[in-house]
2 protein chains.
Amino acid sequence: MLPEPFDLLKEDANTILILAKGDHAFRQGDKTRGVFFVVSGAICLTRMTEAGAAVTLQNAKAGDMFAEASLYSDHYHCDAVAVAPSQVIRLSKSAIQTRQREDAVFSERLTKRLATQVQNYRQLLTLHAVKSARERVYLAVASGRLRGSVTQLASEIGLTKEACYRALKDLTDQGALSKSGRGEYAQRKSLQETRMGTK
Amino acid sequence: MLPEPFDLLKEDANTILILAKGDHAFRQGDKTRGVFFVVSGAICLTRMTEAGAAVTLQNAKAGDMFAEASLYSDHYHCDAVAVAPSQVIRLSKSAIQTRQREDAVFSERLTKRLATQVQNYRQLLTLHAVKSARERVYLAVASGRLRGSVTQLASEIGLTKEACYRALKDLTDQGALSKSGRGEYAQRKSLQETRMGTK
DNA sequence: GGCAACATATGATTTTAATCATATTTCATT
DNA sequence: AATGAAATATGATTAAAATCATATGTTGCC
């Protein structure tokens, strides 16, 4: 259920919250009580700037965690609002901190998890920097990012699903990718070979 | 010089490398020797997929770190090539690991650093998801991302510098931002007030 | 089994930022 | 002070993806 290393926590370190659309998991200024994991639904984190502009910090969906940084501050510095009926688990801050201090394995896995996330996000940002939709989709598939639906991939890599479908069609037509059916694609050749770079 | 918590490391845990354009800091398959920090220049990390497509994982510039994940594997899984004459510092893997095990403060700061980075990258990705260049620039400035040049900001938020300058002009003309000169902008009002959302 | 929701798929049109071009200003360096 | 590089700034044109529209296929569910 919970991702590493939080699966190591005792059950009583967790609280399950059921949120209706519009409910808050926490508000800016609240004392930090822990880290959250989204079981289902979606939670949007937003911060208000002094001049009153709402800045979205994260859109956490099922499987995502949020408010990790709360481990290092006394108060939440943003609002967490359910944008759909959601189920979230709150992982107690004190339980995590204690465990982190006393259990080297837990501590190392936590660090590892964060390092992996950093890596993943950086790669995603690098991918976003690729101008051409065609090439972006190719690289996304080549690096194994097509796990769920094409729609999900599209949103992940910053394209509309239509642009994504078209790119996939082009790439398969030209032989850069092969389709194994049911939205399953595999990399076939390098871009050079298929004249991806042609402008 | 070095970012937290690596500033805590003894000097002999670090090695300074001078790389000419094209030199490798490491290659895919090399035994991992540590984490790197870019003092000047730029390092590009790329991985080859089975079919031979080059996937860029990160473009590390001055002040950036790379290969953090090497702490958790025996071999580097990508190439690190200098794309400009560069100066990098290698932080010994063993020194970091030992310190992490023996010094709770170091360990906590490392975790904190990673958590902060995760937060930052997530916010950046969320920002990239904003379609309108105008709104994207506004939110970027409102959340304090305009530190260096406009050109840098543009690249960070995934726009061309031209698009960025135009958005800044529009926003100041309409009063959403105020310019304090020398590329210094401040947020003035919420977007609603300035009819940002008008389509 | 049938309905609703969602994914897949593609065509037509519009919008918008990228690209190309160019000028001025600022800044570091010889 | 002179040179050159980079940042700032805008205009004109183009290219490309977003949007809008629509159809079929798939899947979970009462």
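Labels below follow one simple rule: chain letters A, B, ... track the order of the sequence lines, proteins then strands, and each chain is numbered from 1.
- Taking atom OH of A/Tyr185 as the reference point, atom P of C/dT8 lies 8 Å away to the nearest angstrom.
- What separates CD of B/Glu135 from C1' of C/dT16 is a distance of 15 Å, to the nearest Å.
- If you measure from atom NZ of A/Lys161 to atom C1' of D/dT19, you get 10 Å, rounded to the nearest angstrom.
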Please tabulate, for side-chain N and O atoms in residues 18-27 of chain A, each donor-acceptor pair with protein atoms closer than 3.5 Å (sequence neighbours left out).
from    : atom 1 : to      : atom 2 : distance (Å)
A/Asp23 : OD2    : A/Ala20 : N      : 2.9
A/His24 : ND1    : A/Arg27 : NH2    : 3.4

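- Set against D/dA17, D/dT10, C/dA18, the side chain of B/Leu159 has C/dA18 as its closest nucleotide.
- Rounded to the nearest 0.5 angstrom, A/Leu114 CG and B/Leu110 CG are separated by 9.0 Å.
- Going from atom CG of A/Leu171 over to atom P of C/dT10 covers 13 Å, rounded to whole Å.
- For the pair B/Ala163 and B/Gln152, both in contact range of DNA chain D, the more 5′-proximal nearest nucleotide belongs to B/Gln152.
- Looking only at side-chain heavy atoms (C-beta outward), A/Met1 and A/Val39 come within less than 4.5 Å of each other.
- Atom NZ of B/Lys179 is separated from atom P of C/dT25 by 13 Å (rounded to the nearest Å).
- Comparing the axis of the opening five pairs of the helix from C/dG1-D/dC30 to C/dT30-D/dA1 with that of the closing five pairs yields an angle of 60°, rounded to 10°.
- A/Val35 and A/Glu68 get closest at one heavy-atom pair: CG2-CA, 3.9 Å.
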Can I get a per-line list of side-chain donor-acceptor pairs under 3.5 Å for residues 157-170 of chain A, giving both atom names and the distance, sequence neighbours left out?
from     : atom 1 : to       : atom 2 : distance (Å)
A/Thr160 : OG1    : A/Ala163 : N      : 3.3

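- Every side chain to side chain donor-acceptor pair (under 3.5 Å) that B/Arg145 has, sequence neighbours left out, goes to B/Asn120, B/Glu156.
- Taking atom CG of B/Asp170 as the reference point, atom P of D/dT8 lies 17 Å away to the nearest angstrom.
- Of the candidates C/dA18, C/dT8, D/dT8, C/dT8 carries the atom nearest the A/Tyr165 side chain, counting heavy atoms from C-beta on.
- Within the structure, a side-chain polar atom (N or O) of A/Thr160 is placed less than 4.0 Å from OP1 or OP2 of D/dA18.
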Using distance only, find each side-chain donor-acceptor pair of residues 86-98 of chain A under 3.5 Å and give its atom names and separation, not counting sequence neighbours.
from    : atom 1 : to      : atom 2 : distance (Å)
A/Ser86 : OG     : A/Ala42 : N      : 3.0
A/Ser86 : OG     : A/Ala42 : O      : 3.4
A/Ser86 : OG     : A/Ala84 : O      : 2.7
A/Ser92 : OG     : A/Ser94 : N      : 3.4
A/Ser92 : OG     : A/Ser94 : OG     : 3.1
A/Ser92 : OG     : A/Ala95 : N      : 3.1
A/Lys93 : NZ     : A/Thr32 : OG1    : 2.8
A/Lys93 : NZ     : A/Ser70 : O      : 3.4
A/Lys93 : NZ     : A/Ser73 : O      : 2.9
A/Gln97 : NE2    : A/Leu71 : O      : 3.0
A/Thr98 : OG1    : A/Ser94 : O      : 2.7

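- Here the closest heavy-atom approach between residue B/Thr56 and residue B/Asn59 is recorded as CG2-ND2, 3.9 Å.
- Across the protein-nucleic acid pair, A/Glu162 atom CD and D/dC20 atom P stand 10 Å apart, rounded to whole Å.
- Among the nucleotides C/dA7, D/dA21, D/dT8, the one closest to the side chain of A/Thr151 is C/dA7.
- Here C/dT19 is the nucleotide among D/dC20, C/dT19, D/dT8 with the atom lying nearest to any side-chain atom of A/Lys131.
- Whole-Å rounding puts the B/Leu168 CG to D/dT10 C1' distance at 13 Å.
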Starting from the C-alpha separation in whole Å, work towards a yes-or-no answer on side-chain contact (heavy atoms from CB on, under 4.5 Å) for B/Leu171 and B/Arg134.
CA-CA 7 Å; B/Leu171 290 163; B/Arg134 210 179 124 68; 3.8 Å; yes
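- For residues 122-130 of chain B, proximity to DNA chain D is found at no residue, defined as any non-hydrogen atom under 4.0 angstrom from a strand atom.
- Place B/Arg166 and B/Ser149 on DNA chain D by their nearest nucleotides, and B/Ser149 ends up nearer the 5' end.
- Here the closest heavy-atom approach between residue B/Arg136 and residue B/Leu127 is recorded as CD-O, 2.9 Å.
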